Amino acid sequence: MTSFPDGFLWGAATASYQIEGAVHADGRVPSIWDTFSHTPGMVADGHTGDVACDHYHRYLEDVEIMAWLGLKAYRFSVAWPRLADLGFYDRLVDALLAKGITPVATLYHWDLPQTLQDTGGWTNRETAFRFADYAAAVHRRLGDRVGVWTTLNEPWVSAFVGYGSGRHAPGVTDPAAAFTAAHHLMLGHGLAVQALRAGGAESVSLTLNLTPILGDPEPARLIDGLANRLFLDPVLRGEYPADILAHLERFTKVNLDDLPTIAQPIDVLGVNYYTVNRVVADPSAEGHPEYPGSEGIAWEDPHGEVTEMDWEINPAGLEDLLVRLARDYPGMPLMITENGAAVPDGVSDPGRISYLDAHFRAARSAMDRGADLRGYFVWSLMDNFEWARGYHKRFGLVRVDYDTLERTPRDSARWYREVIARNGLAD
C-alpha cells in the first residue's frame, strides 16, 4: 500500500458563489459574479449562481455527506457580499465541528462586492485595505472555532482572467489593470495576514494556482514568471523577480514599498494544480491576453489524454511542481488545496478515480523527494457553477441533479472514502 503520514489532512473544497445560491438572502449584496453572470453572453447558456447547489439551505445534508466520506477537513469560502450577516457560516462551522471535520476558511474566492468594483475593484488600492477590514470582521465572528485561514484563492485568475482577458468577472480587458490588480491583491493578502494575526489566528495561508510551464526555455521562463513567480517571489521572498518586474513595468508601475507588507510570514502555501502549459517561440503568434506581453509565444495543444476542460492530464507535473517549491522556497509547508477533474456526467466516473489515484501517487512521490506536504483537498465536493462555463462541467465527487438538487455520491466518492479510511492507496 502507498501510505501517507499520520495526521495527513484529507479534505474536499468548494467556493461560495459556486454552491451557495440564496443570492438575496439575509442581507447579501450583489457581487461581481452576480453582475457578470446576468450580463448576456458572459456565461454559457445564461447560467447564473442564483440557486447553484442551494448549499445555503442544504448545508446540513452536505455536511452529512462529508462525514460519510470521512473528510478530515472541509475547505469553503466566505462570501464577502454576506458580511452584513455571517450567521450562515456560524451554522456551517458548528455543523462541521459536530462531525469532527476541521473547517478551513478561504476569505476570497473571486466574489468581490459590486460596490467595490464600482470604484475600481482590485485596480483601486483602497480595496486592499477594505479586504483587511473584512478579514478582521470575519475572524472576529468565526475565529473562536476556525483556526485555519486562507486569504486569497488564485489571485492570478482574479487579476489576469478578470482584468486581462475579461473571461471572468468583472470582465475587464486591460493589461495594465491586470498587473495593477495583481499587486493590490497581494497587498490585500499581506494586510489580511496582519489583521488575522492581530486577532490571534492559529494558521494563515495563501492559495496560488501554480502551473509548470514546459517547452522552449526562453518563452517558458517568461510565462513561468507571469503565472508563478509573479506571486511566489513577493510573498515568499519579499521581492519581484527582476525579469518580471522589468516586464511588468512595460505596462504600469507598482509601489515597491508594499513588498514588506506582501511578504508577511505565512504558515502554509496552498497549491491548486490541474495541468501544465506548453509554449513555443513563434514570431507570428499574437500572444495571450492572460499573459500580457507574450507576443511571439504560442501555446501547444495538450499532449495525450485530457479532461472535459481540455486540460492535459499530467500527474508528473504535480510531482515536479511540489519538488520545485520545496527547492526554491525551502522550509515552506505545502497543502494541495485543489486538484480534481471534470469528467463526463454520471454516477460511474472511472476517469476521475484514475485521475485522482495518479495525482495522489505523484504527491506521495514528491513527499519522498523532500516536499513538506501536509494535506490534499479534492476539487470538488460536489458539482457546481463552473464560472463562465456554467453548469456544463462537473468536478464533483457528489453528483448534483440541477433540476431537483438531489445529491448522489459517485463511485469516486466511495473510492475516496476508502483512501481516507486507510490513509493510503491500494497497490
Side-chain angles (χ1 to χ4, degrees), residues 154-167 173-183 185-186 208-254 256 259 262 269 271-304 306 309-330 332 362 366 369 371:
E154 300 186 355
W156 179 87
V157 175
S158 296
F160 290 98
V161 186
Y163 293 86
S165 68
R167 192 163 54 86
T173 55
D174 179 353
F179 281 114
T180 301
H183 181 79
L185 280 154
M186 288 188 290
L208 302 177
N209 57 301
L210 299 173
T211 306
I213 311 298
L214 310 178
D216 293 345
E218 187 173 344
R221 179 160 180 79
L222 173 61
I223 302 306
D224 176 73
L226 295 175
N228 301 320
R229 292 181 290 123
L230 177 66
F231 298 92
L232 286 164
D233 282 17
V235 171
L236 300 180
R237 293 178 172 168
E239 62 185 11
Y240 279 108
D243 60 325
I244 298 306
L245 180 61
H247 184 88
L248 179 161
E249 289 180 338
R250 292 173 46 194
F251 299 92
T252 191
K253 298 287 185 180
V254 296
L256 298 181
L259 284 166
I262 293 170
L269 177 68
V271 177
N272 290 359
Y273 173 83
Y274 291 98
T275 190
V276 301
N277 277 314
R278 299 177 181 274
V279 296
V280 295
D282 180 354
S284 67
E286 296 180 357
H288 196 302
E290 292 167 10
Y291 301 89
S294 59
E295 297 82 8
I297 299 174
W299 269 253
E300 284 191 333
D301 290 336
H303 291 195
V306 299
M309 298 289 283
D310 200 33
W311 294 343
E312 179 178 327
I313 298 174
N314 193 321
L318 175 60
E319 179 178 346
D320 292 345
L321 172 63
L322 294 173
V323 172
R324 170 196 172 175
L325 292 171
R327 180 194 68 224
D328 291 355
Y329 308 94
M332 176 51 58
R369 295 172 62 191

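Here the structure is a predicted model, which is why all the values come from computation and not from measurement.
Taking all atoms of both residues into account, the shortest heavy-atom contact from Arg237 to Asp328 is NH2-O, 2.8 Å. Closest of all the heavy-atom pairs between Leu322 and Ala371 is O-CB, 3.9 Å. When all heavy atoms are compared, the tightest approach of Leu226 to Phe231 is O-CE1, 4.1 Å.
Aromatic ring orientation, His247 versus Phe251: tilted (interplanar angle from 30° to 60°). Relative ring orientation between Tyr274 and Trp311 is described as tilted, the plane-to-plane angle lying within the 30° to 60° band.
The CH2 atom of Trp156 sits 4.5 Å away from atom CD of Glu290, with the distance rounded to the nearest 0.5 Å. Rounded to the nearest 0.5 angstrom, Glu239 CD and Asp233 CG are separated by 6.0 Å.
With sequence neighbours left out, the side chain to side chain contact (heavy atoms under 4.5 Å, CB included) criterion links Asp174 to Val172, Ala176, Ala177.
Annotation: Glu286, atom CD; neighbour count of heavy atoms from other residues, nucleotides and ligands within 6.0 Å does not exceed 12. Environment of CD in Glu218: sparse, with no more than 12 heavy atoms of neighbouring residues, nucleotides or ligands closer than 6.0 Å.
Side chain of Ser165 to backbone of Pro289: no donor-acceptor contact under 3.5 angstrom is found. Looking at Asp216, its side chain never comes within 3.5 Å of a backbone N or O of Pro219 through a donor-acceptor pair.
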